Number of protein chains: 2
Amino acid sequence: MDVRIDEVDRKILSQLQRDASQSLDDIAREVGSSKTPVWNRIRKLREAGVIGQHTVVLDADALGFEACFFVLIRTSEHEAEWQAAFLKALQDRAEVQEAHRLAGDIDYILKVRVKNARAYDAFYQALISEVRVHNVTALLSMEQIKSTTMLPL
Amino acid sequence: MDVRIDEVDRKILSQLQRDASQSLDDIAREVGSSKTPVWNRIRKLREAGVIGQHTVVLDADALGFEACFFVLIRTSEHEAEWQAAFLKALQDRAEVQEAHRLAGDIDYILKVRVKNARAYDAFYQALISEVRVHNVTALLSMEQIKSTTMLPL
DNA sequence: TCTGAAACGAATCGCAA
DNA sequence: TTGCGATTCGTTTCAGA
C-alpha cells in the first residue's frame with residue numbers, strides 16, 4: 001500500500017505533527033485548500049499508515065519518571081531463536097521506550113524510562129535473567145536537552 | 001504550579017496517550033466518571049503542563065527518513081559558554097530528535113533522524129564546524145525494534 | 001477533483017443540585 | 001464538586017460544478 005505524497009500532503013502532515021487538535025478549517029487555511037479535500041487526504045494517509053497514533057506528550061518528570069537510561073548491549077548470540085526471545089522481552093517491558101538493532105560493534109541500543117535508579121536495576125536484572133547478553137553498558141541521562149518526535153517535512 | 005495526580009487522572013492520561021482523538025464521553029466511560037469532571041481534570045492537567053503537545057505519529061520510512069543514528073559525544077570543554085553554543089546548535093537542527101547530557105565517560109548522546117547516510121554526514125560536518133567536540137561515535141540503526149512515547153501509568 | 005451546504009456529533013459553558 | 005441541558009463549533013457526508 002503505497003501513496004504518492006505531494007506538497008499539500010506534506011503541509012498537512014506538518015500541521016498535524018505540530019498540533020493534531022486543530023480543526024480541519026484551520027489546517028485547510030494553513031495549507032491553502034479547503035475542508036473536504038484536506039479531510040480526504042487525511043483519511044487516505046491514515047489508511048496507508050503514514051499517519052499513525054494520535055497522542056499527547058506527557059511530562060515524564062511530573063509523573064514521577066525521573067530516570068532515563070540509554071543501554072548499549074553486546075551479545076554473542078545471533079540466532080533467530082535468541083533474537084525472537086530478546087525482541088519479545090523488550091516488547092513486553094513498558095519501561096523500554098525505544099529499541100534499535102545496530103550495525104557494528106554494539107548490537108543493540110535501548111532507551112529505558114523508569115522512576116528511579118532502583119527501578120532500572122530491577123529492569124536490568126529481569127532482562128539478563130530472561131536472555132543471555134554478553135555485555136551491557138548503561139548511560140544515565142542527567143538532563144534531557146531536546147526531545148521531539150517531529151520529522152522535518 | 002504543581003498538581004496532585006490521583007488514580008482517575010492517571011487513567012485519563014493513560015487513555016489520552018493511547019488515543020487522543022477519543023471523545024470525552026468515551027474517556028469518561030473508560031475511567032468510570034462522566035463528561036464534566038473529566039473535562040475539568042484535563043483542563044487542569046493541561047494548564048499545569050502535565051499534558052503537553054497534541055500530535056500524530058508519522059511513518060518515518062514512508063516519508064523518506066530512512067536513516068537513524070545514535071551519536072555519542074565526548075568533549076573536553078565544560079564551560080557555560082561552550083554548553084550554550086552546543087545546546088543552541090542542537091536546538092536549531094531539526095534532524096536532532098533527542099539530546100541528553102549524560103553522567104560519566106560519554107558527555108552527550110543524540111538521536112538523529114535523516115534521509116540517508118549522506119544527510120548524516122552533512123549534519124556531522126556542520127555540527128563539528130560549529131562547536132568543538134573531542135570525540136564522536138555514531139551508531140547506525142539497522143532496524144527499529146520498538147518505539148513508543150507512552151509512559152506506563 | 002474541489003466547493004458549498006446540510007446533518008450529525010462533540011466540546012464548552014451556565015446553572016442547579 | 002457533579003450532572004444536565006443549551007449553545008456553539010467541528011466533523012462527516014453528499015450533491016453539484
Side-chain angles (χ1 to χ4, degrees), chain A residues 1-64 148-153, chain B residues 1-64 148-153:
Chain A
M1 196 184 282
D2 56 72
V3 252
R4 288 153 308 161
I5 291 158
D6 67 12
E7 212 32 59
V8 177
D9 290 323
R10 235 183 289 277
K11 283 187 190 167
I12 292 171
L13 293 172
S14 177
Q15 285 300 317
L16 285 176
Q17 281 194 107
R18 205 178 54 73
D19 177 7
S21 67
Q22 283 172 99
S23 73
L24 283 175
D25 281 316
D26 289 341
I27 296 170
R29 189 158 4 85
E30 289 285 344
V31 307
S33 179
S34 65
K35 236 162 49 162
T36 313
V38 170
W39 190 78
N40 281 314
R41 282 162 183 270
I42 291 176
R43 193 175 42 75
K44 275 189 198 134
L45 290 164
R46 222 194 295 275
E47 277 165 15
V50 177
I51 297 175
Q53 206 185 14
H54 210 260
T55 189
V56 293
V57 177
L58 301 182
D59 180 336
D61 283 333
L63 293 161
T148 179
T149 57
M150 303 240 291
L151 299 172
L153 294 172
Chain B
M1 194 183 284
D2 56 72
V3 252
R4 289 153 307 161
I5 291 158
D6 68 11
E7 211 34 58
V8 178
D9 290 323
R10 235 183 288 279
K11 283 188 189 165
I12 292 171
L13 293 172
S14 178
Q15 284 300 318
L16 286 176
Q17 279 194 110
R18 205 178 54 73
D19 177 7
S21 68
Q22 284 172 99
S23 75
L24 280 177
D25 282 316
D26 288 341
I27 296 170
R29 188 156 5 84
E30 289 285 343
V31 308
S33 179
S34 65
K35 227 156 76 151
T36 313
V38 170
W39 191 75
N40 281 316
R41 282 162 183 270
I42 291 177
R43 194 174 42 74
K44 275 187 198 138
L45 290 164
R46 223 194 297 274
E47 277 165 15
V50 177
I51 297 174
Q53 206 186 12
H54 208 262
T55 189
V56 293
V57 177
L58 301 182
D59 180 336
D61 283 333
L63 293 161
T148 180
T149 56
M150 303 240 292
L151 300 171
L153 294 173

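Just so you know, these numbers come straight off a predicted model, no measurement behind them. Note that these values count all heavy atoms, side chains included, but never hydrogens, waters or copies made by symmetry. Numbers restart at 1 for each chain; the letters A, B, ... are given by sequence-line order, proteins then strands.
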key: Nearest-Å distance for atom pair CD1/P, residues I42(A) and dT11(D)   = 9 Å

ask   = Looking for any heavy atom pair under 4.0 Å, which part of the strands does T36(B) touch: base, sugar-phosphate only, or nothing?
value = base

ask   = dC9(D) P sits how many Å from R29(A) CZ, rounded?
value = 14 Å

key: Over all atoms of both residues, closest heavy-atom pair of V56(A) and A20(B)   = CG1-CB, 3.9 Å

remark   = When rounded to whole Å, the CG to P distance for the pair D25(A) and dT3(C) reads 12 Å

note = Rounded to whole Å, CD1 of I12(A) lies from C1' of dT11(D) at a distance of 15 Å

query = DNA chain D: D26(A) or R43(A), which has the more 5' nearest nucleotide?
reply = D26(A)

ask   = Closer than 4.0 Å, any side-chain N/O of K35(A) to the OP1 or OP2 of dC9(D)?
value = no

task = Check the distance between dT12(C)'s P and N40(B)'s CG and give it to me in whole angstrom.
result = 11 Å

task = Take the protein atom CD of Q22(A) and the nucleotide atom C1' of dA10(C), then report the distance between them rounded to whole Å.
result = 18 Å

ask   = Should the pair K44(A)-E47(A) be classified as a salt bridge under the 4.0 Å nitrogen-to-oxygen rule?
value = no

inquiry  = At 4.0 Å (heavy atoms only), tell me whether P37(A) reaches a base, stays on the sugar-phosphate, or touches nothing.
reply    = base

Considering all heavy atoms, the nearest D9(B)-D6(B) contact = N-OD1, 2.9 Å

ask   = Within the structure, does a side-chain N or O atom of W39(A) lie under 4.0 Å from either OP1 or OP2 of dT11(D)?
value = no

ask   = Counting side-chain heavy atoms from CB outward, which of dT1(C), dA11(C), dT1(D) is closest to K44(B)?
value = dT1(D)

ask   = Looking only at heavy atoms, which two atoms of Q17(A) and T55(B) are closest? And how far apart?
value = O-OG1, 2.6 Å

key: Residue L24(B), side-chain heavy atoms: nucleotide from dA11(C), dT11(D), dT3(C) that is nearest   = dA11(C)

message = I'd like to check V57(A) versus T149(B) (side-chain heavy atoms, cut-off strictly below 4.5 Å). Are they in contact?
response = no

ask   = Within this structure, what is the CD-to-C1' distance between E47(B) and dT12(C), rounded to whole angstrom?
value = 14 Å

